[in-house]
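Below you'll find the structure, written out as structure tokens, and then a few comments.
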Amino acid sequence: MSDVVLEAVGLEKRFTRRRLFAADTVVRAVNGVDLAVRRGETYAIVGESGCGKSTMARLLLTLMRPSGGTVLYEGRDTAGMSDRELRALRRDLQVIFQDPFSSLNPQMSVGALIEEPLRVHGIGTAAERRATAAAMLARVGLRPEHADRYPHEFSGGQRQRIGIARALVTGPKVVIGDEPVSALDVSIQAQVINILAALKAEMGLTLVLIAHDLAVIRHMADRVAVMYLGEIVEEAPADDLFARPAHPYTAALMAAIPIPETGARAPAATLEGEPPNPVAPPPGCRFHPRCPHARDNCRTDHPALRELGDRRVACHYAEELTLPGIAAGTQRRAPAVERRFALLDARTQDNDRGERP
């Protein structure tokens, strides 16, 4: 059995805007992405808003057809699957949505919401589905009587637990979380992250996390891919990426992490300006208009994503640059950033403080 469970090869997604009296405009939301998710790992995709990471998640979930390239699940091209095969795939490949308020049908009880995937896939009898849903509620730290309540009766953290229960009730192999904790405050994030980590170990899951919060990613991920304007610019083991970023964009993302310390100074700006217009991306390296290390050939030659030790990086001068990571910051900054990460390390009880409806 291959170590790779989910793979993208040359994956592209283009969106075309038709215009009546002008030329059509094309946005390459995902532009030739190659990645491979290994069985049992937590693989994270990070980047600024609009970089293409959520589009990437939809392509991996087969919720959107690619404009080019392929998505392989356990070595099989998902584009060539029949409707029956796709139904089986979606039992194995589930999603946790970003917004726990809009992703749950307000007209369905919690028990019905969690039972629905079992019913759709024809799993068990009605009684067995109820028992499975009740057991899944318990596994995410909720009580059996919660099955008869409705989503509006729960807090945000509890709703996300319900979303996790719904995603895991069919026993999937791969779960993709599209910003699964970004709508929650930090204390509740810690609880949800702990639940995900425990269930991943218990059920042998493979997780793909889409996120922009590097604290969450550092806490959870085994490997991290950094996206910029539809392309992966760096991919590395999480510890190595945070300690020694090789791409200037990765280093800039780390420098932008907020410091949770009263009176602390903001870090020196290393990333200026807005991302370029995706309709007309700059030639050469797409990051060069914002890069403090750009040279003449960066403006004309597009860097390929290439192997560099234990990572892949798309930068002409990655070997020459020494970029600051989290552990390499100033003495004042490094402990403050570590405290931001430490907020997600606290283990909490299943019964959330102030979380009961």
Side-chain angles (χ1 to χ4, degrees), residues 8-15 25-36 43-57 59 66-69 210-212 214 217 223-238 240-257 267-326 328:
V9 180
L11 200 59
E12 297 182 0
K13 184 60 183 180
R14 297 183 295 273
F15 296 99
T25 57
V26 178
V27 175
R28 294 180 177 270
V30 175
N31 189 38
V33 168
D34 295 326
L35 60 81
Y43 186 94
I45 302 174
V46 304
E48 293 172 284
S49 296
C51 72
K53 57 188 186 294
S54 289
T55 301
M56 189 72 201
L59 291 170
S67 305
I210 311 298
H212 66 271
L214 293 181
I217 293 307
R223 283 192 301 142
V224 181
V226 181
M227 284 191 74
Y228 184 77
L229 216 62
E231 299 178 351
I232 291 180
V233 297
E234 185 169 4
E235 180 195 68
D240 293 342
L241 185 91
F242 281 96
R244 299 180 305 278
H247 196 283
Y249 178 60
T250 308
L253 288 180
M254 293 182 189
I257 297 172
T270 58
L271 183 59
E272 297 182 356
E274 296 295 324
N277 184 352
V279 174
C285 175
R286 292 188 168 194
F287 185 60
H288 84 256
R290 308 170 74 192
C291 180
H293 307 284
R295 306 180 193 178
D296 288 344
N297 66 323
C298 298
R299 298 173 175 87
T300 57
D301 302 332
H302 187 274
L305 187 65
R306 57 192 172 88
E307 302 286 339
L308 182 63
D310 60 353
R311 69 186 69 205
R312 298 187 298 160
V313 60
C315 177
H316 294 303
Y317 300 103
E319 292 92 341
E320 301 178 21
L321 299 176
T322 301
L323 303 172
I326 294 301

Not counting sequence neighbours, which residues clear salt bridge (Lys or Arg N to Asp or Glu O under 4.0 Å) with [X]? List them please.
| X | answer |
| --- | --- |
| Glu319 | Arg306 |
| Arg28 | Glu12 |
| Glu235 | Arg223, Arg312 |
| Asp240 | Arg244 |

Working to the nearest 0.5 angstrom, can you tell me the gap between [X] [atom1] and [Y] [atom2]?
| X | Y | atom1 | atom2 | value |
| --- | --- | --- | --- | --- |
| Leu323 | Cys315 | CG | SG | 8.0 Å |
| Leu241 | Ile217 | CG | CD1 | 10.5 Å |
| Asn31 | Met227 | CG | CE | 9.0 Å |
| Leu253 | Cys51 | CG | SG | 9.0 Å |
| Phe15 | Thr55 | CZ | OG1 | 4.5 Å |
| Leu305 | Ile232 | CG | CD1 | 6.5 Å |

Practice prompt. Please assess Met56 against Leu35 for the test side-chain contact (heavy atoms from CB on, under 4.5 Å), listing each intermediate value before the final yes or no.
Written response: CA-CA 11 Å; Met56 189 72 201; Leu35 60 81; 3.6 Å; yes
Quick check: closest heavy atoms across [X] and [Y], and the distance to 0.1 Å?
| X | Y | answer |
| --- | --- | --- |
| Arg311 | Ala236 | CB-CB, 3.5 Å |
| Gly325 | Pro245 | CA-CD, 3.6 Å |
| Ala294 | Cys298 | CA-SG, 4.1 Å |
| Leu11 | Val30 | O-CG1, 3.3 Å |
| Ala225 | Tyr43 | CB-OH, 3.2 Å |
| Val46 | Lys53 | C-CD, 4.1 Å |

Worksheet item: Can a cation-pi geometry be assigned to Arg295 and Tyr317, taking NZ or CZ under 6.0 Å from the six-membered ring centre and within 45° of the ring axis?
Response: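 Yes - Arg295 lies over the ring of Tyr317, closer than 6.0 Å to its centre and within 45° of its axis.
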Would a distance-only check, ignoring hydrogens and angles, find a side-chain to backbone donor-acceptor pair under 3.5 Å from [X] to [Y]?
| X | Y | value |
| --- | --- | --- |
| Thr300 | Gly284 | no |
| Glu234 | Ala314 | no |
| Arg286 | Leu229 | yes |
| His288 | Pro283 | yes |

Worksheet item: For the residue pair Tyr228 and Phe287, does the interplanar ring angle fall in the parallel (under 30°), tilted (30 to 60°) or perpendicular (over 60°) class?
Response: perpendicular
Practice prompt. Please lay out, stage by stage, how Glu48 and Arg290 fare under the test salt bridge (charged side-chain N to carboxylate O under 4.0 Å, His left out).
Written response: CA-CA 13 Å; Glu48 293 172 284; Arg290 308 170 74 192; 3.1 Å; yes
Practice prompt. Evaluate the side-chain contact (heavy atoms from CB on, under 4.5 Å) criterion for residues His302 and Glu231: first the C-alpha distance (whole Å), next the side-chain angles of each, then the deciding distance (0.1 Å), finally the verdict.
Written response: CA-CA 11 Å; His302 187 274; Glu231 299 178 351; 3.0 Å; yes
When you compare the side chain of [Y] with that of [X], does any pair of heavy atoms fall below 4.5 Å?
| X | Y | answer |
| --- | --- | --- |
| Lys13 | Leu59 | yes |
| Val226 | Ile45 | no |
| Leu214 | Met254 | yes |
| Cys285 | Pro303 | yes |
| Asn297 | His316 | yes |

Discussion item. Suppose we screen for side chain to side chain donor-acceptor pair (under 3.5 Å). Which residues come up paired with Arg299, at least two apart in sequence or across chains?
Written reply: none
Worksheet item: Partners of Ser54 by side chain to side chain donor-acceptor pair (under 3.5 Å), sequence neighbours excluded?
Response: Asp178
